[in-house]
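Notes follow once the structure below has been shown.
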Amino acid sequence: MSTQTTVHQTKWWSGGKSPFNLEYGKLMMWYFLMSDAFTFGAFLISYGSIRFSQNFWPDPNVVFNAFPGAGHANLPLAFVSIMTFILIISSVTMVLAVHAGHKEDKKGVIKWLAWTIVGGLAFLGCQAWEWHHLITGEHAVLATAADGKQYIDIIGQTMGGNPWGQLADHNTAMVALNNSSHETLLHLVRESGIKDNGQLAGLSHEKLVGMVQLEHLHIREKGPIAFGGYFYGITGFHGFHVFSGVIINIIMLLMSQKGVFERRGHYLMIEKAGLYWHFVDLVWVFVFLCFYLI
Amino acid sequence: MSEAMNVYPEVTTSHAVHHDEHHVHHHKETFITKYIFSQDHKTIGKQFLITGIIWAIIGGLFSVLFRLQLGYPDQTFPILETFFGKWARGGQIQPEFYYALITIHGTVLVFFVLTAGLSGTFANILIPLQIGARDMASPFLNMLSYWFFFMASVVMFSSLFITTGPASGGWTVYPPLSALGQALEGSKLGMDLWLISMALFVVSSLLGGLNYISTILNMRTKGMSMTRMPLTIWAMFFTAVLGVLSFPVLLSGAILLLFDRNLGTSFYLSDIVVNGEILPNEGGSAILFQHLFWFLGHPEVYIILLPAMGMVSEILSVNSRKPIFGYMAMLGSLFAICILAFLVWAHHMFVTGLNPFLGSIFVLLTLLIAVPSAIKVFNWLTTLWRGNIRFTPATLFAIGFVSLFISGGLTGIFLGNSTIDIHLHDTMFVVAHFHIVMGVASMFGMFAGVYHWFPKMFGRYLNSTLGYIHFWVTMVGAYLIFWPMHYQGLAGMPRRYLDKSSWVSFTQFGELDKMITIVSIIVFAVQLMFVFNFFYSIFKGRKVTTTNPWGANTLEWTTPIRPGHGNWEGEIPEVHRWAYDYGKDGREFIPQTEPIGENESKH
Amino acid sequence: MQHPAFEEVTVHHHVQDDAAFRKKVRKTTILLSIITVIELGIGLTIYTIHKGANPNATLVLMFKGMVCILSLAKAFYIVSVFMHLGDEIRNMIMTIVVPLMLFIWFIIAFITDGNSYKNLRNKYDPHFKESTMPKKHQQKDKKETTPVEKSGKE
């Protein structure tokens with residue numbers, strides 16, 4: 001408090017210099033990321049709050065079990081682990097780009113930035129595939145008609161519907177099957193592995209019901225709707241960060257190429273872009289944790 | 001290096017040189033770069049202030065309109081229909097209009113006036129000047145901060161003119177009311193515009209806050225250690241920290257609400273029937289929104305209050321010619337308030353269905369805030385105690401702030417108890433409490449700041465006579481308006497109701513409500529007088545003839561009377577002491593730039 | 001010595017020794033990969049437990065806790081090595097780490113209240129309970145009544 005005591009404090013805080021030995025831009029970037037961490041934190045904690053307010057929540061291993069080109073094979077977590085590794089590796093290439101910047105090695109910066117951009121785009125591609133697969137996926141669920149009768153409906157994972165409820169017991173599913181529409185039955189028969197050469201459409205309702213192999217279809221009840229909203233909302237928000245990170249990296253790449261940083265005599269901008277990119281990776285650690293693992 | 005300097009002089013040379021060069025060629029600035037897209041922190045501060053004043057007039061006018069309804073529920077005012085058409089059919093304020101008025105009144109005053117207008121103004125003007133910096137760390141982002149605020153203002157303002165009207169679900173925009181267009185006219189387009197405006201506002205406050213923090217940390221002049229900073233700067237610092245950490249949570253909440261409104265998600269909605277129509281939304285939680293909202297909302301209270309506290313500390317010390325009492329205690333209590341502000345949000349939600357056990361923890365944490373608040377109050381009073389007080393309008397407003405902070409703070413202790421809150425929640429008692437402690441008190445801090453730093457901003461004084469009239473009418477008026485509301489609230493009179501005349505038990509308050517309405521019209525008129533004083537004095541006020549008119553220690557008074565971009569003409573002065581050496585060793589004041597004398601006593 | 005670009009930066013960051021740096025990055029990359037693989041393993045273990053006839057809730061919870069801790073470890077390595085926070089001045093580290101402590105109460109309060117909302121709905125909304133309660137656990141959960149709800153009745 002007194003002028004006398006401040007003299008004895010560490011010289012870092014005495015003014016005229018940064019107490020952290022950092023330029024303001026990096027400081028702002030750090031505090032911006034902290035602020036952004038609260039945005040993501042709020043999303044994920046809201047998700048947790050809603051999840052805890054439900055009696056049932058789908059097991060992520062059941063939801064995320066597809067792999068491009070693998071058809072209906074049950075491969076839980078396989079695809080998302082690839083996405084995770086892509087992001088980790090792109091983080092590593094970013095570290096190398098920043099390091100090359102320290103050494104004012106223009107070629108190194110450009111090379112590693114390019115790889116980081118490739119990683120980012122690959123991640124976005126994976127995410128696009130996953131979203132597409134979930135939205136267009138066709139899953140048989142129990143639905144209730146206005147008159148109270150249960151039937152089987154075919155839905156995808158959307159903001160307003162979730163096909164990943166509890167497994168329906170056999171008897172309920174059987175009753176619902178009998179109440180289902182002709183189209184639904186045709187779909188289920190095909191799902192049961194029976195080749196359709198146009199002959200199925202002519203079959204009677206009962207015939208079709210008989211051909212459906214219920215035990216292979218895993219008919220479920222509808223799950224909590226909030227699941228889809230949070231999944232698309234949060235991974236979308238993360239994907240938006242990845243996207244903007246890629247844009248930033250492309251700008252950095254072009255600026256390095258034009259020799260802007262070379263003329264400035266330092267590559268500090270790359271460091272800030274790097275911080276942002278690592279933050280994107282950091283957020284993914286928690287998105288991965290909250291949606292895919294627990 | 002020399003070649004590099006030719007290409008990018010501002011980057012490869014040191015900051016001091018960089019700003020001096022700017023200083024030189026800023027004389028050739030055009031009108032647009034000097035007054036509109038200015039990167040000078042002082043101009044940006046003034047832009048925030050003037051935009052804030054315009055919003056304050058709009059918000060204040062709205063309160064007069066709904067006070068007319070509350071004071072004279074049966075009377076018709078044909079002139080209202082002339083101006084507002086269908087919103088005031090037959091000269092009576094329609095329910096939708098009433099709800100729009102209170103919603104926009106709250107939003108505008110909380111966010112646009114007391115956040116942007118207060119901390120936007122004074123953080124911008126005071127931080128570089130008082131810590132000894134040429135400008136903000138990033139003048140460009142600082143400019144963007146204002147223009148994002150401007151865009152937020154434009155969006156909000158435009159929402160007042162759409163057919164379905166602006167948002168009308170209360171300034172807290174609780175879903176499901178705010179999420180469902182079929183439930184309320186104001187929840188149609190107006191609500192989307194509200195959310196977009198608020199998102200832009202969050203960006204603005206984030207850009208500003210990051211700048212304030214990194215400027216205060218990095219750009220202090222030589223010798224300006226953290227504990228030599230004036231309390232204003234500490235207050236702005238904690239305000240910025242609060243904003244940077246809490247506004248993003250509001251952003252998240254707003255984004256989820258936008259999704260619920262437009263994309264059919266169910267974050268906040270569950271089991272809802274509107275006009276016989278069963279909505280498909282299921283599994284959401286309306287309480288979740290309140291949690292997210294108040295995680296911002298409570299720190300927001302302190303975002304509003306802390307700058308006022310900081311400025312009041314400075315103004316009281318300068319004008320009582322005494323060092324601030326308990327500088328470190330003031331600092332510590334600011335810090336404690338800053339931390340506690342994040343831990344107490346759910347005391348706004350005691351009766352929403354919040355887990356009562358969780359509520360009791362929130363009660364405990366809430367009541368803890370009384371400790372640092374009381375420390376601050378006692379320190380202000382002891383600073384004044386036996387001081388050689390100069391009763392300038394700024395001093396009066398600062399003392400008024402302390403008075404209001406005590407009155408409003410005490411009722412906060414009532415409301416912080418969850419059991420008493422069962423009776424008092426959503427009554428006029430709450431309205432009285434937060435208007436006194438947060439609304440009027442912060443306005444007083446803002447007025448004090450404007451009267452005190454007006455000479456620095458415009459090189460002229462505000463008219464003191466008008467200032468005294470402004471103070472006394474506002475002070476007496478504020479108590480006349482809000483004190484009786486406590487009684488109404490204790491009697492159970494609900495807030496936000498359009499017309500309470502059908503309750504026999506509230507008819508006793510009919511005359512009281514009329515009185516409140518009349519006083520609020522008078523107080524509003526006096527504010528217009530202040531606005532006149534403000535704009536008149538910019539051009540015609542008494543000129544400042546000395547660089548340090550108040551005899552203050554802080555650095556802003558070592559700059560020229562009308563500092564240019566870069567603030568100091570020569571070197572930035574070095575600091576040798578704290579900001580509060582008043583009445584020391586027989587000297588009235590010792591500026592911070594004066595080196596410590598050989599025989600100087602400790603303080 | 002002053003940094004060429006920024007007056008406020010007083011000590012120049014020396015370029016790290018190339019070999020040591022590469023070694024550090026390689027080590028961290030391998031570590032992050034191993035942790036991720038372990039996490040995936042635990043994820044699959046949880047899946048297997050869930051598939052079994054009688055899932056052991058405590059065991060699942062324990063595994064989930066382990067994944068959380070592993071994720072925090074991953075976050076620590078990313079922030080301290082990749083983002084170089086570990087190389088900054090201690091005070092700088094504190095200004096980043098200390099505000100993040102707010103998350104503790106943020107998480108506890110939100111999760112507790114979410115859970116409490118579920119209990120309230122199970123108590124007062126029989127349709128919600130019937131339609132969403134997992135069939136196997138229904139019997140067990142019926143006995144649960146929190147003291148708070150009891151006092152509400154009196």
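Within every chain, numbering begins at 1; the chains are lettered A, B, ... in the order of the sequence lines, protein sequences first and strands thereafter. Predicted, not measured: the structure shown is a model, and the values here were computed from it.
Looking only at side-chain heavy atoms (C-beta outward), Phe286(A) and Leu72(C) come within less than 4.5 Å of each other. Residues Leu33(A) and Met83(C) have side chains in contact (heavy-atom distance under 4.5 Å, counting atoms from C-beta outward). Contact of the Ile111(C) side chain with the Arg51(A) side chain is not registered, since no non-hydrogen atoms from C-beta on lie closer than 4.5 Å.
Side chain to side chain, Tyr117(C) and Ser49(A) fail the donor-acceptor criterion of an N or O pair below 3.5 Å. Side chains of Tyr47(C) and Asn74(A): a donor-acceptor N/O pair is present below 3.5 angstrom, by distance only.
Of the atoms belonging to Ile93(C), not a single heavy atom falls under 4.5 Å from chain A. With a threshold of 4.5 angstrom between heavy atoms, Phe63(C) does not approach chain A through any atom at all. Ile78(C) touches chain A through its side chain: at least one heavy atom from C-beta onward sits under 4.5 Å away, while N, CA, C and O do not.
Of all heavy-atom pairs between Met34(A) and Ile96(C), the closest is SD-O, 3.6 Å.
Taking the six-membered ring where the residue is Trp, Phe38(A) and Phe106(C) present parallel rings, their angle staying beneath 30° rather than reaching 60°.
Distance check: His84(C) NE2 to His102(A) NE2 gives 5.0 Å after rounding to the nearest 0.5 Å. Taking OG1 from Thr29(C) and CG from Leu96(A), the interatomic distance works out to 8.0 Å, rounded to the nearest 0.5 Å.
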